[in-house]
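Read through the structure below, which is laid out as structure tokens, and then see the notes.
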Amino acid sequence: MLKEGIDYYINEDGNFVFTKHYHLTRGYCCKNKCLHCPWDYGKPQTNSSKIDPEDKLQQS
């Protein structure tokens, strides 16, 4: 049974929003770009972790 305030909350628009706790308990990413995704699916990558394809070609 889901518990309000632990597994989800209802935002100002009346939508149910799953918490990080819920996602971790479920144990996998649903790939729906959830707001509190602990796997950061769909979140922009930082510049330090991106690999520029041009740089890779120049190194070859």
Minimal heavy-atom distance between Thr19 and Ile6, with the atoms involved, is OG1-O, 2.6 Å
Arg26 to Tyr28, cation-pi by 6.0 Å centre distance and 45° axis angle:
yes
Same hydrophobic cluster for Val17 and Leu2, using side-chain heavy-atom links shorter than 4.5 Å among ILVMFWY?
no
Phe16 and Tyr22: same hydrophobic cluster, using ILVMFWY side-chain contacts below 4.5 Å?
yes
In chain order, what residues pass the side chain to side chain contact (heavy atoms under 4.5 Å, CB included) check against Glu12, with sequence neighbours excluded?
none
Which donor-acceptor pairs under 3.5 Å do side chains of residues 29-44 form with protein atoms, sequence neighbours excluded?
residue	atom	partner	partner atom	Å
His36	NE2	Tyr9	OH	2.8
Lys43	NZ	Leu35	O	3.2

Quick check against the 3.5 Å criterion: does Asp13 have a side-chain atom that pairs as donor or acceptor with the backbone of Asn15?
no
